[in-house]
Amino acid sequence: MFSGLTKRDQEILFTNDMVYVDEVSRRLCWNHESHHEYQGKFSDIKHLCDTGSLVSIKDKMLLWEFPSEFLTCFDEVTVCTYLFKGSPFYAYLQSERFEIEFKTIRDGRIADWDDGLSDAEIKAQLKPLVHIYEGVMNVVGAETGKSNPLSSGWYDKATEQDLKRLRSSTETFFARVARTPSKVNGWTSYSKAKRHLLGRGYTKGWIANNAKATNEYGRKRSMAYLCNWFYHPIIKGHFHERGITVDEEAYALSAMIQWIWRSQIRQGKPIHLFIPSERMRRLLKEWLASKPSATLAMKEAA
């Protein structure tokens, strides 16, 4: 979501005919006919309009989107990633009608996709190293009805009692289950909830839930993942309007695995995990067992 313009700023731009929305692409466009020489407060917006980077959502919100024209400058683009079908980038490429071909890495080289066989072999070796807590302290994340415990929305409505129970369970996990010193403990939640969950034995081990591509936390042996990921509803709706159905399960799994793999598991060493969200815990166990749920497509690029 683009937050570089306040509601008042948008009103100024539209009222003065400085911008307009293209009816087909829904992109925000700069009115060069009457404001071609403009330089001032909205110069950055002018530039983003000219590169096709801003998309209008329901005429109220703006989405920052990578201009697809840039990718068309190349004959071929290789994206090295994991669980690609869970990423917004995959949905974006589909919505822009790009042709996508999946490959894998075998013996250090790009090779034809093998339907996840190599991936399954690797996970079979990893599974004995991943110790997932199963016990009464997971009750705070148990799904009941249509509830989504530990999601961003759940934290917005959580009572002090809910947060205290989660905080106490996290303390108990590190102290009595993992039994690891604070320096090797890592944890995460949504940033807005961080201050409510600080506790003994793990507070200084905070790792942002979007941490990727870093070895900074490679000594962490015990990890508490206090999130339950879902697509941003506006972005999900944006893709839906363009005929693309996003894979919410793969999206959540990808985010969690990226975070867990900041720990010493990336070195082939065992880890202890506290994942109280019933949904997130299920996704990880199914991934390790190579038994995807009905809604989780597992044929992603390795």
Side-chain angles (χ1 to χ4, degrees), residues 79-94 100 102 104-105 113-134 138 141-143 147-155 186-190 207-214 217 220 223-233 235-236 239-240 244-266 271-302:
V79 179
C80 298
T81 186
Y82 187 68
L83 291 176
F84 186 46
K85 287 187 177 180
S87 70
F89 191 36
Y90 177 68
Y92 158 79
L93 292 176
Q94 285 185 301
I100 303 171
F102 288 92
T104 189
I105 301 294
W113 177 244
D114 59 5
D115 204 25
L117 296 178
S118 299
D119 200 30
E121 293 175 3
I122 295 172
K123 286 187 285 187
Q125 298 172 12
L126 291 171
K127 188 177 180 180
L129 302 176
V130 181
H131 304 285
I132 305 172
Y133 170 79
E134 296 283 4
N138 285 329
E143 297 177 331
S147 67
N148 294 309
L150 275 67
S151 64
S152 178
W154 179 88
Y155 277 104
W187 71 289
T188 198
S189 179
Y190 301 97
I207 304 172
N209 58 31
N210 59 353
K212 298 179 181 180
T214 175
Y217 310 105
K220 300 295 184 181
M223 310 283 276
Y225 193 78
L226 312 180
C227 299
N228 185 7
W229 275 103
F230 289 91
Y231 245 93
H232 191 297
I235 297 177
K236 179 180 178 180
F239 285 130
H240 181 74
I244 305 301
T245 300
V246 301
D247 192 333
E248 198 120 39
E249 302 283 75
Y251 173 70
L253 176 64
S254 177
M256 176 170 55
I257 289 177
Q258 284 282 358
W259 187 84
I260 291 173
W261 249 253
R262 299 311 101 212
S263 69
Q264 68 175 19
I265 187 65
R266 64 192 293 114
I271 58 172
H272 288 273
L273 297 177
F274 178 46
I275 308 174
S277 165
E278 180 181 351
R279 170 176 174 260
M280 299 301 290
R281 196 167 62 255
R282 169 180 58 81
L283 289 174
L284 180 61
K285 290 192 295 185
E286 289 178 348
W287 176 79
L288 284 170
S290 294
K291 295 179 180 179
S293 65
T295 57
L296 178 58
M298 294 302 293
K299 295 181 180 180
E300 286 89 7

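- When every heavy atom of Pro88 is checked against every heavy atom of Phe239, the shortest pair comes out as O-CZ, 3.6 Å.
- A side-chain donor-acceptor contact under 3.5 Å links Asn138 to the backbone of Tyr133.
- Taking the side chain as every heavy atom from C-beta outward, Leu273 and Leu284 approach each other to under 4.5 Å.
- Applying the ring-ring contact (aromatic ring centres under 6.0 Å, His included) rule to Trp259 yields the partners Tyr225; only residues at least two apart in sequence or on another chain are considered.
- Between the side chain of Lys212 and the backbone N or O of Gln258 there is no donor-acceptor pair closer than 3.5 Å.
- The side chain to side chain donor-acceptor pair (under 3.5 Å) check on Arg281 picks up Glu134, with sequence neighbours excluded.
- Considering only residues two or more places apart in sequence or on other chains, Ser87 meets the side chain to side chain contact (heavy atoms under 4.5 Å, CB included) condition with Phe84, Phe89, Tyr90.
- Legend: residues meeting side chain to side chain donor-acceptor pair (under 3.5 Å) with Trp187, ordered by chain and number and at least two apart, are absent.
- Put simply, NZ on Lys85 and OH on Tyr82 are 13.0 Å apart, with the number rounded to the nearest 0.5 Å.
- Atom CG of Leu253 is separated from atom CH2 of Trp229 by 13.5 Å, given to the nearest 0.5 angstrom.
- Aromatic ring pairs are classed by plane angle as parallel below 30°, tilted from 30° to 60° and perpendicular above 60°; the pair Trp113 and Phe102 is tilted.
- In this structure, the side chain of Ser254 does not engage the main chain of Tyr251 through any donor-acceptor pair within 3.5 Å.
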Intermediate values then yes/no, side-chain contact (heavy atoms from CB on, under 4.5 Å), Tyr92 and Ile244: CA-CA 9 Å; Tyr92 158 79; Ile244 305 301; over 6 Å; no
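- Residues satisfying the side chain to side chain contact (heavy atoms under 4.5 Å, CB included) criterion with His131, sequence neighbours excluded, are Pro270, His272.
- In this structure Ser189 satisfies the side chain to side chain donor-acceptor pair (under 3.5 Å) test together with Tyr155, sequence neighbours excluded.
- The two residues Leu283 and Ala252 have their closest heavy-atom pair at CD1-CB, 4.0 Å.
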Residues Met223, Ile207; criterion side-chain contact (heavy atoms from CB on, under 4.5 Å); working and verdict: CA-CA 10 Å; Met223 310 283 276; Ile207 304 172; 4.1 Å; yes
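- Between Met280 and Leu150, the closest side-chain pair of non-hydrogen atoms is not below 4.5 Å.
- Asn209 and Cys227 make their closest contact through ND2-SG, 4.0 Å (heavy atoms, listed as atom of the first residue, atom of the second, distance).
- Rounding to the nearest 0.5 Å places CG of Leu288 at 7.5 Å from CD1 of Ile257.
- Of all the heavy atoms in Trp154 and Asn148, the pair that sits closest is CB-O, 3.5 Å.
- Scanning for side chain to side chain contact (heavy atoms under 4.5 Å, CB included) contacts around Thr214 gives Glu216, Tyr217, Arg262, with sequence neighbours left out.
- Applying the side chain to side chain donor-acceptor pair (under 3.5 Å) criterion to Lys236, with sequence neighbours excluded, gives Glu248.
- Considering every non-hydrogen atom in both Arg279 and Asn228, the closest pair reads NH1-OD1, 2.7 Å.
- Between the side chain of Asp247 and the backbone N or O of Ala250, at least one donor-acceptor pair lies under 3.5 Å.
- The two residues Ile132 and Lys285 make their nearest non-hydrogen contact at CD1-CG, 3.7 Å.
- Side-chain atoms of Glu278 come within 3.5 Å of backbone atoms of Glu143 as a donor-acceptor pair (strictly under, hydrogens ignored).
- Annotation: side chain of Lys123 is in contact with side chain of Trp287 (closest heavy-atom distance under 4.5 Å).
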